[in-house]
Amino acid sequence: MTGERTETDLCVIGAGSGGLTVAAGASQMGARVVLIEKGKMGGDCLNTGCVPSKALIAAAERAHLAAGGGAFGIRCQAVEVDYKAVHDHVQGVIAAIAPNDSEARFRDLGVTVIKGHARFTGRRQVTVGEQTIRARRFVIASGSSPAIPPIDGLDKVPYLTNETIFDLADRPHSLMVIGGGPIGLEIAQAMARLGVSVTVLEKFSFLPRDDPEAAAVVLESLRQDGVKLLDAVDIEGLTGDRAAIRVSGQRKGQPLSLAASHLLVATGRRPNVDDLGLERAGIDFSPRGIAVDRKLRTGNRRVFAIGDVTGGLQFTHVAAAEAGIVLRNALFPFSTRSGGKAVPWVTYTDPELAHVGLTEAAAREKGGPVRVLRWPLADNDRAQAERRTDGLIKVVTGRRGRILGATIAAAGAGELILPWVLAIDAGLGIGAMAGVIAPYPTVAEISKRVAGSYYTPALFAPPMRRLVRLLMRLP
Ligand code: FAD
């Protein structure tokens, strides 16, 4: 090879949530860093994931609130959705955040940014076009792509994924979503609220990872928004063209035939392991991702892998947390392990569904004493004032009231879960949450109230009543 050769301390492949965090941290700590990105800086989260989906959801919420003001005595004229303007809002939010992830910012931080496709050509060598980079350590943060299921005819019809749906400048007349996980349901509800007729087809059950009681609240809300939710669907084939896409299949023993103007495939993610030259670097991988140990090292001790490409929990905050671990393990002689921290996740439907720790089912499966505490949103004064009473908080405790898990289905549940993440990480008992002074009236009070309910049976039981009566007789 005749091209340019670069020697560096750390070479990072992929400028998404994981790669950017490693590159920024390592460079600011004094390492020489090369960051390689073949697509847009910012990766999935900024361009085709978290940011555009949450911006779309925000627009949809505006439409929903405007249409639903009657109960508050506020009536609007019919709500009109200018979908092109919604598209511009979504792209505008991406543009507002993009400078944080830009080449210019990273160059200013001292990072050498190379645009192009990186491949390993040896155990400690990567090439990009004609350029060769040799490094003491490498971090692979190449992310994931939409997994496309092998459905007959899918390759012959036009379909959308998260990589294309946010580019639509015209509102779809109708949308069929294949896949009833968080991504499919978030987009389905947002589109329905923006006036699209939406049907979601799920092969198994909706939101299977979440607590079924809390998930049911979310699914009911989607139905109220007009989303048609069909589980246990066996899709046999797809036909159609730009005018309409038709799906045929079976559902619970009955033939199923549906049509929509647009189709969104949201059937999970596939780690980006192809065409990285992993074999040449001695890195073990499978279609499920790059294999890493608890120090996030691959089979090649000089190479680490983080984020979606490892096939673990696929969230931006997980990629960023793993970046922190790799920073320590790649730059310093002492090493840190992943795991041991509670990882929250949130589905940004309305109401949101937030979870951390063990679900009730998982706690019971582990054995030991389990108590489940519930507090309905309807018993929260602020939720009543806001007329957002759908939902509940559910907390699972173990021996001596130790907090094992929490699930919240509520408007803003993603904002409400953090104290429970801290409680689980700190190994707190339920008494710590019951004892806090929560501001009134806030929805956040549900955390204190649910924790307090742990003590209610003992506090108001006959022995306590007898004791108090006795004490009251004392002079
Ligand atoms: P990415 O951010 O995908 O970055 C990988 C980068 O590597 C890409 O830019 C890619 O171009 C580049 N790359 C790949 N191969 C090469 C190569 N050979 N050479 C050079 N560059 C390469 N997570 C949340 O926590 N909250 C959310 O609300 C949320 N919403 C989401 C909504 C949607 C619709 C989707 C699809 C995902 C969402 N996620 C959310 C998940 C989140 O986006 C990912 O977990 C996160 O982006 C993973 O970061 P990463 O660094 O592993 O990969």
V139 versus I306: any side-chain heavy-atom pair under 4.5 Å? yes
K228 atom NZ: more than 12 heavy-atom contacts under 6.0 Å: no
Are there over 12 heavy-atom neighbours, none belonging to R294, within less than 6.0 Å of that residue's CZ? yes
Straight-line distance of I408 CD1 to I393 CD1, nearest 0.5 Å: 4.0 Å
Enter the distance from I165:CD1 to S53:OG here, rounded to the nearest 0.5 Å. 10.5 Å
Got more than 12 heavy atoms from elsewhere within 6.0 Å of CZ, R371? yes
Between the CD1 atom in I325 and the CZ atom in R297, the distance rounded to the nearest 0.5 Å is 13.0 Å
Nearest 0.5 angstrom please: I140 CD1 to N272 CG, how far? 11.5 Å
Restricting to non-hydrogen atoms, name the atom on T48 and the atom on F166 that form the minimum distance, rounded to 0.1 Å. O-CE1, 3.6 Å
Regarding D231 and K252, does a basic nitrogen lie under 4.0 Å from an acidic carboxylate oxygen? yes
Look only at the side chain of T161 and the backbone of E163, and say whether a donor-acceptor pair between them is shorter than 3.5 Å. yes
Under 3.5 Å, sequence neighbours excluded: what are the donor-acceptor pairs made by side chains of residues 12-24?
{"unit_1": "S17", "atom_1": "OG", "unit_2": "T316", "atom_2": "OG1", "d": "3.3"}
{"unit_1": "T21", "atom_1": "OG1", "unit_2": "S17", "atom_2": "O", "d": "2.6"}

Is R465 positioned over the aromatic face of F460, cation under 6.0 angstrom from the ring centre and no more than 45 degrees off axis? no
How far apart are the closest heavy atoms of G307 and A319, and which atoms are they? CA-CB, 3.8 Å
Taking D225 for the side chain and A192 for the main chain, is one N or O donor matched with an acceptor at less than 3.5 Å? no
Side chains of W420 and S447: is there a donor and an acceptor less than 3.5 Å apart? yes
Quick one: are F206 and V200 in side-chain contact, heavy atoms under 4.5 Å? yes
Where do S453 and L373 come nearest, in terms of heavy atoms and distance? OG-CB, 3.8 Å
Compare all side-chain heavy atoms of L46 with those of K40 and state whether any distance is below 4.5 angstrom. no
Would you check if M41 and S102 make a side-chain contact, meaning some heavy-atom pair closer than 4.5 Å? no
G179 backbone acceptor or donor facing E202 side chain under 3.5 Å: no
Shortest non-hydrogen separation from P182 to L207 and the atoms involved: N-CD2, 4.0 Å
side-chain contact (heavy atoms from CB on, under 4.5 Å) between T389 and Q384, intermediate numbers included: CA-CA 6 Å; T389 52; Q384 285 288 355; 3.6 Å; yes
Answer yes or no: is there an ion pair linking D101 with R105, defined by an N-O contact shorter than 4.0 Å? no
Going by heavy atoms in the side chains, are N329 and L296 under 4.5 Å from each other? no
Between Y454 and G401, is there a donor-acceptor pair closer than 3.5 Å when you use the side chain of the first and the backbone of the second? yes
So, do T397 and L404 sit near enough that their side-chain heavy atoms are less than 4.5 Å apart? no
Show which side-chain atoms of residues 256-269 pair as donor or acceptor with protein atoms under 3.5 Å away, not counting sequence neighbours.
{"unit_1": "S261", "atom_1": "OG", "unit_2": "H173", "atom_2": "N", "d": "3.3"}
{"unit_1": "S261", "atom_1": "OG", "unit_2": "S174", "atom_2": "N", "d": "3.0"}
{"unit_1": "S261", "atom_1": "OG", "unit_2": "S174", "atom_2": "O", "d": "2.8"}
{"unit_1": "T267", "atom_1": "OG1", "unit_2": "A147", "atom_2": "O", "d": "2.9"}
{"unit_1": "R269", "atom_1": "NE", "unit_2": "S144", "atom_2": "OG", "d": "3.1"}
{"unit_1": "R269", "atom_1": "NH1", "unit_2": "N162", "atom_2": "OD1", "d": "3.0"}
{"unit_1": "R269", "atom_1": "NH2", "unit_2": "D44", "atom_2": "OD2", "d": "2.4"}
{"unit_1": "R269", "atom_1": "NH2", "unit_2": "S144", "atom_2": "O", "d": "3.0"}
{"unit_1": "R269", "atom_1": "NH2", "unit_2": "S144", "atom_2": "OG", "d": "3.3"}

With side chain to side chain donor-acceptor pair (under 3.5 Å) as the rule and sequence neighbours excluded, what pairs involving residues 64-78 come up? H64-R193
Might you point out which heavy atoms bring I94 and P52 nearest each other, and give the distance in Å? CD1-CB, 4.0 Å
Mind checking whether H87 and L168 have side chains closer than 4.5 Å, heavy atoms only? no
Would a distance-only check, ignoring hydrogens and angles, find a side-chain to backbone donor-acceptor pair under 3.5 Å from D425 to K341? no
Could you check whether R337 pairs with D293 (Lys NZ or Arg NE/NH1/NH2 to Asp/Glu carboxylate O, under 4.0 Å)? no
Side-chain donor-acceptor pair present, Q250, Q254, cut-off under 3.5 Å: no
If only atom types and distance count, is the side chain of R387 paired as donor or acceptor with the main-chain N or O of F72 below 3.5 Å? no
D210 versus W345, side-chain donor and acceptor atoms under 3.5 Å: yes
Side-chain donor/acceptor pairs under 3.5 Å, residues 429-442, sequence neighbours excluded:
{"unit_1": "Y440", "atom_1": "OH", "unit_2": "D381", "atom_2": "OD2", "d": "2.6"}
{"unit_1": "T442", "atom_1": "OG1", "unit_2": "P439", "atom_2": "O", "d": "2.7"}
{"unit_1": "T442", "atom_1": "OG1", "unit_2": "E445", "atom_2": "N", "d": "3.3"}

Are any non-hydrogen side-chain atoms of V346 and H355 less than 4.5 angstrom apart? no
Stepwise salt bridge (charged side-chain N to carboxylate O under 4.0 Å, His left out) check, D170 with K84: CA-CA 6 Å; D170 295 319; K84 171 72 173 67; over 6 Å; no
Side chains of residues 233-246: which donor-acceptor pairs under 3.5 Å do they make with residues two or more places apart or in other chains?
{"unit_1": "D241", "atom_1": "OD1", "unit_2": "A243", "atom_2": "N", "d": "2.9"}
{"unit_1": "D241", "atom_1": "OD1", "unit_2": "A244", "atom_2": "N", "d": "3.3"}

Just how far is it from atom CG of L392 to atom CG of L377, taken to the nearest 0.5 Å? 7.5 Å
If you count the non-hydrogen atoms of other residues, nucleotides and ligands that lie under 6.0 Å from CZ in R288, is the total more than 12? no
Could you tell me whether the side chain of R171 and the main chain of L194 form a donor-acceptor pair under 3.5 Å? yes
Should L185 and L222 be marked as a side-chain contact (heavy atoms from CB on, under 4.5 Å) after you check the CA-CA gap, both sets of side-chain angles, and the distance that decides it? CA-CA 8 Å; L185 293 185; L222 264 79; 3.9 Å; yes
Flag the pair K156 and D152 as a salt bridge only when some basic side-chain nitrogen lies within less than 4.0 angstrom of an acidic carboxylate oxygen. no
Which residues pass the side chain to side chain donor-acceptor pair (under 3.5 Å) test with R364, not counting sequence neighbours? E360
Main-chain N/O of G299 paired to D284 side chain as donor or acceptor, under 3.5 Å: no
If only atom types and distance count, is the side chain of E37 paired as donor or acceptor with the main-chain N or O of G39 below 3.5 Å? yes
Out of curiosity, D379 CG to R374 CZ, how far, rounded to the nearest 0.5 Å? 13.5 Å
Please step through side-chain contact (heavy atoms from CB on, under 4.5 Å) for the pair M176 and Y159, ending with a clear verdict. CA-CA 10 Å; M176 200 148 49; Y159 65 85; over 6 Å; no
Run the numbers on V318 and V343 for side-chain contact (heavy atoms from CB on, under 4.5 Å), then give the verdict. CA-CA 7 Å; V318 170; V343 178; 3.5 Å; yes
So, does T359 use its side chain to make a donor-acceptor pair with the main chain of D211 at under 3.5 Å? no
What are the two closest heavy atoms between A410 and P351, and how far apart are they? C-CB, 3.5 Å
